[in-house]
Amino acid sequence: MCGIVGYVGTRDAGDVLVKGLKRLEYRGYDSAGVAILNGEMSVQKGKGKVINLEKSLAANEIKGHIGIGHTRWATHGEPNDVNSHPHLSESGRIAVVHNGIIENYNSLKRKLTENGRTFHSQTDTEIIAQLIEEIYTGSDKITFEQAIQLTLKQIVGTYGLAIVNLDTPDKIYIARKGSPLLLGIGENEMFIASDASPIVEYTNKVVYLDDGEMAVVDANSYEVKTIDDVALTKEVHELAISLDAIEKAGYPHFMLKEIFEQPRSIADCLRGRINEKNGTIQLGGIAEVMDDLVNAKRIVIAACGTSWHSGLVGEYLFEHLAKTPVEVEYASEFRYRDPLIGEGDVMLVISQSGETADTLAALREAKARGAMVLGICNVVGSTISRETDAGVFTHAGPEIGVASTKAFTAQVVVLTMMALKLGIEKGHINKKQAKEYIRELAAIPDKVDQILKGCDDVTQDMAKLFTYAPNFLYLGRSYNFPVALEGALKLKEISYIHAEGYPAAEMKHGPIALIDEMMPVVVIAATDHTNDKMVSNIEEVKARKGRIISIMNSENSEVKDLSEFSISIPSTKDCFSPLLTVIPLQLLSYYIAVNRGCNVDQPRNLAKSVTVE
Ligand code: AGP
C-alpha cells in the first residue's frame, strides 16, 4: 500500500507534496519521491522517509506549481533509489506514481523490451510510463489521454495513478482501479491524494474516483471520465472529519483499522496467485525452489510471537495437504540448541517486520548448516527477506498497530497457498480437489467481511462483561489450537490480562484446576473433525461453572446451547478455519483493551519489531 499526492495551483508544489506525503507515511515509508514540472521534469526521489526527500528538495531548490509525489510500500523490487517513484518513460518527459500491483507486468515488460525499450528499475510501475509513451509516440493521431486509456486497458491488476507529461505542463492525469484516489477542489488549485489526510487542511470539497475512472485536472477545472472515454458527472462530497482521525481512516486506532482491512489485505495477498478456473497457484518468489521443497525431508518453521502461531497453523497445513513433515520452533530456542539441520532440510522463517533478531539469527544458523532457507515477510527489502534463498511476501500493507492482526491472517494465507501448491506438485491433491480448495480460498475475504460486520457489536457487548476478568483461558483443537494461542496473546499484549491458550484436550491435565465461575473460557469449536471432542471439553468446563464464550460454525447448535456467549462464523474447510476464527478474538481483545483504557496501538513494554535479543 503506497501513498500518492498531486498538486496544481499557485502554491509551491514541493511544499504541498512533501506535507501531503508526510500525512500518508502510515501507508508506506521505505522510499519517497516527487516530479515537479517547471519548464523541465524535475525529479527528486530516493530510499528513506519523506523527511530525507524534504531535505534534498530544499538543497536542490526545486520549485514549481505542479507536481506529483509518492511514498512507497514496496511490492516489486526492494526499497532503493532506483525503485522509488516517480518512474519516468524513456524520454524522461512522462512521470508516473502508482499504488497497486500490476499482475501482468512481466509480459508487458517483455514486449516493451523486445520493442527496444530499456528499463532501470525492478518495479512493475515503470512499465506504465514506458507503455504510455510507446503508444503516445507510436501515432500522431493519439492524444495523451487516449494513450493513457489504451495503456490502462492492457493492465491486469490494481492501480491508483497520477501522471504528468511535459507536453501538457499544466495538467495532471489520474486513474483508479482497486486503489483509492481522490481529488480535492480548491480555489484555482487542485489536490490529489490516496486519502483525504493531505487534502483536508486546504479544502473540504472532494471527488472520489471509482474503479475504471480517470480524470484530467488543471488548476481551475477537472474532467472525469471512464477509461472508455465516457464523460461522468461526479458528486462533490464535503469532508467532515478531523485530520488525526483521517490518518486512521476514521478508526480510533490503527489496530482496529487493520482488523477491518483484512478482507482487502487477504484479497491482496491472494491477488495474481490463485487461478480458480485452472485450479493452479502461482508463487513467483519460490518458483525456482519448488523442486527442493518437493524433495525436502522436512520443513522446519522458525518464528516468534504471532508469526510463530501462524507457523503452527502451517504445520497442520503442510502435513495435511502436502504430507511433508514439519517442525515448528521458537526462533530464540532454535538458534542456541546446536540444531540438527542441514542439507536436504528446508527452513521456513516467518516475520512481519523481517527484522526480528531471533528469527534472523535462526535463519543464519540454518543456512550455515547447509539448509535451504525460505521466508514469509510483509516488508519488502527487509533484512530477513534479503537473506533468505527465496520467499513469498504477504502484501498486507504496513501494519502500524504493535499487536499483529492482518499480518497474521496474511501469513496463514501464504502458508495455505504454499501447502496447497506443494500438495499439488507432490500429487496428493488432484485437479478437481485443487479447484475446490482454490474456490473456497477465494471466498475467504467475503467471509471475513461477513464476520466483521456480524460480530462487531456482540464482541463489544461481551467485552463490557469481561473487561476486568483477571484471567482468560483459550481452548482449541487441530488447526484452531494455534488460534487459541493467538487469541490469548492478543488479549495479553494489549489489555495486560493474563491469558493462556491450550489444546482443548490438554486442559484436563492441569489447567482445569483453574476453572470456576470467575474464569472466562474462550472455546474455538469450528473444526468439524474434532467437534464431538470439543463438545465434551465444553461440558467439562461447564461442569465447573466456567463462563463459556464459543466461536463456532453457524449451524453448531450443540455448542451454542452449552455457551453463555457464542459467535457464529460462516463455515469453511477446516484447514481454512483459522482465517475466520481469529477475527472475533482480535475484536474481543481490542474492545476489552479499550475498555481498560490501554494504549492499544503502542502497548506498554512492547515494540513493533524486536530487533534485539
Ligand atoms: C504480535 O502481536 C506481537 N507484536 C509479536 O509477538 C510479534 O508477532 C513478534 O515480535 C514477531 O514479529 P515479526 O513477525 O515482525 O518477526
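Bear in mind the structure is a predicted one, so any value in this text is a computation, not a measurement. One-based numbering, in listed order, for ligands and for the atoms of each. The basis for the numbers below is simple: all heavy atoms, side chains too, and nothing from hydrogens, waters or symmetry mates.
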[atom]: the protein heavy-atom neighbour that sits closest, reported with distance to 0.1 Å:
atom	value
atom 6 (O) of ligand 1	Gly305 CA, 3.2 Å
atom 4 (N) of ligand 1	Val402 O, 2.8 Å
atom 15 (O) of ligand 1	Ser353 OG, 2.7 Å
atom 2 (O) of ligand 1	Glu493 OE2, 2.5 Å
atom 11 (C) of ligand 1	Cys304 O, 3.5 Å
atom 12 (O) of ligand 1	Thr356 OG1, 3.5 Å
atom 10 (O) of ligand 1	Val610 CG2, 3.9 Å

Query raised in the report: So is Gln352 polar-close to ligand 1, meaning N/O to N/O under 3.5 Å?
Result: yes

Query raised in the report: Between Gly354 and ligand 1, does any nitrogen or oxygen pair lie at a separation below 3.5 Å?
Result: no

Side-chain ion pair, [X] and [Y], N-O less than 4.0 Å:
X	Y	result
Lys406	Glu399	no
Glu564	Arg547	yes
Arg477	Asp574	no

Within a distance under 4.0 Å of any heavy atom of [X], pick out the atoms of ligand 1 and give their elements.
X	answer
Ser351	13 (P), 14 (O), 15 (O), 16 (O)
Thr306	1 (C), 2 (O), 6 (O), 8 (O)
Ser404	1 (C), 2 (O)
Lys490	1 (C), 2 (O)
Ala403	2 (O)

**Report entry** Candidate with minimal heavy-atom separation from atom 14 (O) of ligand 1, of Ala331, Cys377, Ser307, Gly401
**Finding:** Ser307

Does one side chain, of [X] or [Y], offer a donor that lies under 3.5 Å from an acceptor on the other?
X	Y	value
Ser31	Ser84	no
Asn480	Ser577	yes
Ser307	Gln352	no
Arg72	Asn83	no
Thr405	Gln262	no

Query raised in the report: Would the Phe466 and Phe565 ring centres measure less than 6.0 Å apart?
Result: yes

Query raised in the report: Is Gln411 reaching over with its side chain to a backbone N or O of Gly311, donor-acceptor style, under 3.5 angstrom?
Result: no

